[in-house]
Colleague: 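Here's a structure for you.
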Amino acid sequence: MYQNKTNPSPELARKISLFKEIDFKVIQKKVERIGIKLDAYREDYLARRISYHFNRSSVLNLNDYFEKLSTDETFLIDLIDCINVNLSYFFRDTDRFEYLKQNILPLLMKTFPRKKLKIWSIGCSIGAEIFSVSLILNSLNYLAQSNLFASDIDREALFRAKDAKYYFNEMKYLLPEYLNYFTESDLKEFTLNQPIREAVKFYLHDISNLNSLNNKKYHLLICRNVVIYFKKELKEKLYSAFYEWLEPGGILFIGSNESILGESKNKFESLGKQFYRKPL
Ligand SMILES: C[S@@+](CC[C@H](N)C(=O)[O-])C[C@H]1O[C@@H](n2cnc3c(N)ncnc32)[C@H](O)[C@@H]1O
């Protein structure tokens, strides 16, 4: 009755989606036991990721798969990692980072001249995104006047972010002028040096948990390639929350395939591709 593992994965994804009413709830419950909510994610996305995880595992049928999820916590955490795809690299959307350097950060410095710039990278993955900002701020001699925060739901990604060791393919869009901020090790890893590393405070945070909203305000919020996997209603709520979390004059930086949804859409001013400003 359950799909055999040798079948092609699109078929499997279709079968899994047939069971979604029952099976997603089962998975959801198991995952919630360790504090992670899955109801934020779109079901088609979940079906694809769960199907991929199942295919990759040594388990042969869905019954055994769910059994293993209940009994083997490492396996469950592996599924969560599989759902939280954390592909990231330095200067992703290179031209947007150039725009950030030439236009967005100078605009923020001018708008908030006597304040420390508060910047938060939400869904920061391995830290390459916020460290790209940190490198730019350093080149603008503005790192000491900035407070940088970065959060993610994925402990392993955060561990890598704090460790600040990168492989060459994660640095392929790095401009040569920033290369001397890294030290190469024998293992072909590049470690990011101080003061770029220590400028960022990393912490564990689930952005889909709207009860965890705080009252802090930011000058720049970066949330790219994270909410793309979330349901429309949650995306709308998050964009409203981002609007609230920004100081008037503050700016939101989103991913290249994303657009602002919901009632906050008309409140933001567009500053060109991927940048939106809360009016002063
Ligand atoms: C594709 S990566 C994007 C990383 C980076 N923002 C970039 O664009 O290069 C998506 C990240 O979002 C994180 N993520 C997914 N769901 C999350 C949630 N509910 N709260 C916080 N982070 C989440 C994942 O763990 C992953 O590290």
Side-chain angles (χ1 to χ4, degrees), residues 45 48-49 52-53 56 77-102 104-105 119-140 142-143 146 148-207 220-230 252-258 273-275:
Y45 172 74
R48 272 201 314 279
R49 298 310 300 164
Y52 169 75
H53 182 248
R56 201 181 69 164
I77 289 173
D78 189 52
L79 168 63
I80 294 166
D81 286 348
C82 202
I83 290 167
N84 297 328
V85 182
N86 39 38
L87 175 80
S88 190
Y89 43 91
F90 282 84
F91 294 87
R92 184 178 195 171
D93 305 329
T94 319
D95 67 315
R96 297 294 81 197
F97 273 95
E98 190 53 29
Y99 192 74
L100 182 78
K101 180 176 180 179
Q102 301 299 340
I104 299 296
L105 288 170
I119 299 175
W120 180 16
S121 159
I122 302 165
C124 64
S125 184
I126 55 174
E129 177 179 81
I130 192 69
F131 284 141
S132 301
V133 178
S134 178
L135 284 164
I136 292 177
L137 283 165
N138 188 57
S139 74
L140 296 172
Y142 219 77
L143 192 56
S146 311
L148 279 67
F149 304 91
S151 61
D152 203 285
I153 197 173
D154 183 333
R155 285 185 171 78
E156 262 185 50
L158 283 174
F159 178 81
R160 279 209 58 205
K162 288 177 191 166
D163 209 28
K165 288 189 173 54
Y166 295 97
Y167 302 107
F168 186 70
N169 68 329
E170 292 159 344
M171 297 166 55
K172 60 190 170 197
Y173 296 113
L174 198 80
L175 297 176
E177 68 203 71
Y178 298 121
L179 270 177
N180 54 356
Y181 287 97
F182 291 82
T183 307
E184 188 176 359
S185 78
D186 299 343
L187 300 165
K188 296 278 167 247
E189 278 176 346
F190 296 80
T191 304
L192 184 60
N193 302 337
Q194 308 292 19
I196 313 298
R197 281 176 67 171
E198 69 182 9
V200 182
K201 288 188 181 58
F202 289 99
Y203 60 98
L204 190 68
H205 181 253
D206 177 357
I207 196 65
L220 177 63
L221 284 179
I222 307 168
C223 189
R224 307 186 315 144
N225 311 302
V226 180
V227 304
I228 198 158
Y229 310 115
F230 293 170
L252 172 66
F253 182 11
I254 66 174
S256 57
N257 292 316
E258 295 167 331
K273 241 170 63 187
Q274 296 178 236
F275 291 102

Colleague: Using 0.5 Å steps for rounding, measure from the CZ atom of R155 to the CG atom of L204.
Modeller: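 Output value for this atom pair is 5.0 Å.
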Colleague: Going by side chain to side chain contact (heavy atoms under 4.5 Å, CB included), name the residues that satisfy it together with L175, two or more places apart in sequence or in a different chain.
Modeller: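 Counting only residues at least two positions away or on another chain, L175 forms a side chain to side chain contact (heavy atoms under 4.5 Å, CB included) with E98, E177, Y178.
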Colleague: Could you check whether any side-chain heavy atom of I130 comes within less than 4.5 Å of a side-chain heavy atom of I119, counting everything from C-beta outward?
Modeller: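 Result yes, sub-4.5 Å side-chain heavy-atom pair found.
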Colleague: Could you tell me which non-hydrogen atom of N193 sits nearest to which non-hydrogen atom of T191, and how far apart they are?
Modeller: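 Taking every non-hydrogen atom into account, OD1-O, 3.3 Å.
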Colleague: For A164, what residues pass the side chain to side chain contact (heavy atoms under 4.5 Å, CB included) criterion, not counting sequence neighbours?
Modeller: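 Partners of A164 under the side chain to side chain contact (heavy atoms under 4.5 Å, CB included) test: F131, Y166, L192, R197.
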Colleague: Roughly how far, to the nearest 0.5 Å, is OG of S151 from CZ of F202?
Modeller: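 Spacing of CZ (F202) from OG (S151) equals 10.0 Å.
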Colleague: Within a 6.0 Å radius of atom CG on N169, are there more than 12 heavy atoms belonging to other residues, nucleotides or ligands?
Modeller: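 Check passes, neighbour count above 12.
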Colleague: Run N86 and E156 through side-chain contact (heavy atoms from CB on, under 4.5 Å) and show every step you take.
Modeller: CA-CA 10 Å; N86 39 38; E156 262 185 50; over 6 Å; no
Colleague: Quickly, which of Y173, F253, F90 forms a ring pair (Phe, Tyr, Trp, His ring centres under 6.0 Å) with F97? Name it, please.
Modeller: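 That would be F253.
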Colleague: Let's go through I126 and Y167 carefully: what are the C-alpha distance in whole Å and the side-chain angles of both, what is the deciding distance for side-chain contact (heavy atoms from CB on, under 4.5 Å) to 0.1 Å, and is it a yes or a no?
Modeller: CA-CA 11 Å; I126 55 174; Y167 302 107; over 6 Å; no
Colleague: Under the side-chain contact (heavy atoms from CB on, under 4.5 Å) criterion, do I83 and L79 qualify, and how do the steps go?
Modeller: CA-CA 6 Å; I83 290 167; L79 168 63; 4.0 Å; yes
Colleague: Compare every heavy atom of F230 with every heavy atom of I207, then report the nearest pair and how far apart it is.
Modeller: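 Distance-wise, the nearest heavy atoms are CG2-CE1, 3.8 Å.
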Colleague: Going from CZ on F149 to NE2 on H205, what distance comes out if it is rounded to the nearest 0.5 angstrom?
Modeller: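 Between F149 CZ and H205 NE2, I get 13.0 Å after rounding to 0.5 Å.
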Colleague: Which value, rounded to the nearest 0.5 Å, describes the distance between K165 atom NZ and F159 atom CZ?
Modeller: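 One gets 8.5 Å once the value is rounded to the nearest 0.5 Å.
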Colleague: V200 and A150: which non-hydrogen atoms are nearest, and at how many Å?
Modeller: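 Result for this residue pair: CG1-CB, 3.9 Å.
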Colleague: What I want to find out is whether D78 reaches R56 closely enough, with some N-O distance under 4.0 Å, to be called a salt bridge.
Modeller: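 Salt bridge: yes.
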Colleague: Looking at S88 and E170, what are the two nearest heavy atoms and their distance?
Modeller: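 Minimum heavy-atom separation between S88 and E170: O-CG, 4.1 Å.
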Colleague: Just verifying a value: how many Å separate L143 CG and I136 CD1, rounded to the nearest 0.5 Å?
Modeller: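 Separation between the atoms: 11.5 Å.
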Colleague: Among residues at least two apart in sequence or on other chains, which ones pass side-chain hydrogen bond (donor to acceptor under 3.5 Å, both in side chains) with Y181?
Modeller: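 N138.
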Colleague: Taking atom types as modelled, is there a side-chain donor on D152 or S125 under 3.5 Å from an acceptor on the other?
Modeller: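 Not at all, the side chains of D152 and S125 share no donor-acceptor pair under 3.5 Å.
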Colleague: Which pair of heavy atoms, one from A128 and one from S132, lies closest together, and at what distance?
Modeller: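 Result for this residue pair: O-OG, 2.6 Å.
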Colleague: Quick one, M171 with L179, criterion side-chain contact (heavy atoms from CB on, under 4.5 Å). Give me CA distance, side-chain angles, the key distance, then yes/no.
Modeller: CA-CA 9 Å; M171 297 166 55; L179 270 177; 4.1 Å; yes
Colleague: Any pair with a residue in residues 122-133 that passes salt bridge (Lys or Arg N to Asp or Glu O under 4.0 Å), sequence neighbours left out, goes on the list, sorted by first then second residue, please.
Modeller: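 Sorted pair list: E129-R224.
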Colleague: Search all heavy atoms of Q274 against all heavy atoms of G255 and return the closest pair with its distance.
Modeller: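 Closest heavy-atom pair between Q274 and G255: NE2-C, 3.6 Å.
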Colleague: Please report the interatomic distance CG(L252) to SG(C223), rounded to the nearest 0.5 Å.
Modeller: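 Taking CG in L252 and SG in C223, the distance rounds to 7.5 Å.
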Colleague: Checking E184 now: which residues fulfil salt bridge (charged side-chain N to carboxylate O under 4.0 Å, His left out) with it, not counting sequence neighbours?
Modeller: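 Residues passing salt bridge (charged side-chain N to carboxylate O under 4.0 Å, His left out) with E184: K188.
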Colleague: Can you list the residues that meet the side chain to side chain contact (heavy atoms under 4.5 Å, CB included) rule with E258, with sequence neighbours excluded?
Modeller: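 V227, I228, Y239, I254.
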Colleague: Measuring only between side-chain heavy atoms, which start at C-beta, is S139 closer than 4.5 Å to K101?
Modeller: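 Answer yes - side chains close enough.
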